[in-house]
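Worksheet: the structure to be examined is printed underneath.
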Amino acid sequence: MIGLDAFKKRMEENDDRLPLLTLDEFFEGNMEEDSIAPNDCDLGRPPIAEIWELMQELEKSPDVAWVRVELHNDTEVVEHDGKEQLVLAGESPIICTSLSASELGTLARCEWLHSGGVEEYDVSSIDFLFSGRPPVPDGYHCFAIVWD
């Protein structure tokens with residue numbers, strides 16, 4: 001999981017735009033089940049470890065350029081026992097792919113994830129809202145796996 005200092009540095013360097021996180025930056029060491037799709041974590045959504053595993057497999061696909069995790073505005077730095085602590089709130093995995101929405105929905109196992117499917121994400125919107133977007137190759141599109 002991304003460290004507090006690295007997170008704060010990225011925020012400062014990017015006009016307080018939330019960073020898109022790599023899979024490891026979001027999932028590694030993250031034991032908070034409600035840190036992604038919290039409204040569905042007790043309603044059939046698979047455990048966070050299984051979501052991470054699926055996203056890692058997706059990222060290995062030859063039709064996928066990259067996968068990042070979009071953070072929700074509820075991501076915050078809080079103080080606990082006199083120490084600052086980062087509380088991540090993931091909104092959606094963002095997948096850059098040459099696949100169609102329906103092909104990606106099948107490959108991403110949206111039904112198993114109990115998600116609402118995939119929605120195309122305009123690259124300019126990603127750049128306006130977030131920092132750290134990798135390049136999007138020609139012929140590729142960005143999609144978000146959505147739960148709400």
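Side chains are part of it too, since the values below use all heavy atoms of this structure and drop only hydrogens, waters and symmetry mates.
You'll find the side chain of Ile36 reaches within 4.5 Å of the side chain of Trp147, heavy atoms only. No side-chain heavy atom of Glu25 sits less than 4.5 Å from a side-chain heavy atom of Phe7. The closest side-chain heavy-atom distance from Met55 to Phe26 is not below 4.5 Å.
Taking all atoms of both residues into account, the shortest heavy-atom contact from Val146 to Ser115 is O-CB, 3.1 Å. Across all non-hydrogen atoms, the minimal contact from Trp66 to Pro135 is NE1-O, 2.8 Å. Nearest heavy-atom pair across Ser61 and Leu107 is OG-CD2, 4.1 Å.
Salt-bridge check for Arg10 with Glu13: failed, with every basic side-chain N at 4.0 Å or more from each acidic carboxylate O.
Checked by atom type and distance alone, the side chain of Asn30 pairs as donor or acceptor with a backbone atom of Glu32 at under 3.5 Å. The closest donor-acceptor contact from the side chain of Thr75 to the backbone of Ala89 lies under 3.5 Å. Not one N or O on the side chain of Glu59 forms a donor-acceptor pair closer than 3.5 Å with the backbone of Val64. Between the side chain of Thr106 and the backbone N or O of Ser102 there is at least one donor-acceptor pair closer than 3.5 Å. For the pair Glu103 (side chain) and Ser100 (backbone), a donor-acceptor distance under 3.5 Å is present. Arg68 contributes no side-chain N or O that, together with a main-chain N or O of Pro19, makes up a donor-acceptor pair within less than 3.5 Å. Remark: side-chain polar atoms of Ser92 are not paired, donor with acceptor, to backbone N or O of Glu70 under 3.5 angstrom.
Using a 30° and 60° split on the angle between ring planes, Phe27 and Trp52 fall in the parallel class, below 30°.
Atom CD of Glu119 sits in a sparse spot, with 12 or fewer heavy atoms from other residues, nucleotides or ligands closer than 6.0 Å. Heavy-atom contacts from other residues, nucleotides or ligands closer than 6.0 Å to CG of Asp122 number more than 12.
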